[in-house]
Amino acid sequence: MNGWAAPDGSADDTAWRRPTDSTTAVESRSGKPGGATAIPPQYQGPPRMHRPSVAVGWGPVITSGPTPRALPYQDHEALDREDAQARAVTVGVGVLTLVVLFLLLLMMVIRAGTTTGVA
């Protein structure tokens, strides 16, 4: 086997199994050497991976999605008119706000000038 799972679900996982040496198992649990001098195993790296052959049939299933639906019709002339009306209302509210603020500022200046001159 080449390291990949077969279509029936079986896999060659001998590279991932624990060693069967009993001294290594005793040593790992107790922390003391179980017999002869134990040399820690050297890391050999990950197992080699090979791409499965085309005959295995492995790979993502690619299907076409549903066809996109048509968007509803948009009346661009009506949208432009509504946009212009909304812009006019916004500008009108802004101008009205500026006029009210200017009048309040003018009244504060006039009042401050009359109260300081009385002393």
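Throughout, numbering of the chain's residues begins at 1 and tracks the sequence. Owing to the predicted nature of the structure, the values given are computational and were not obtained by experimental measurement.
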Chemist: side-chain hydrogen bond (donor to acceptor under 3.5 Å, both in side chains) with R87: which residues, sequence neighbours excluded?
Modeler: D83

Chemist: Using the side chain to side chain donor-acceptor pair (under 3.5 Å) rule, collect all pairs that involve residues 66-78, keeping only residues at least two apart or in two chains.
Modeler: none

Chemist: So, taking the atom named CD1 in I110 and the one named CG in L106, what distance separates them when rounded to the nearest 0.5 Å?
Modeler: 4.0 Å

Chemist: Enumerate, atom names and distances included, each donor-acceptor pair closer than 3.5 Å involving a side-chain atom of residues 90-99, sequence neighbours excluded.
Modeler:
from : atom 1 : to  : atom 2 : distance (Å)
T90  : OG1    : A86 : O      : 2.9
T97  : OG1    : V93 : O      : 2.8

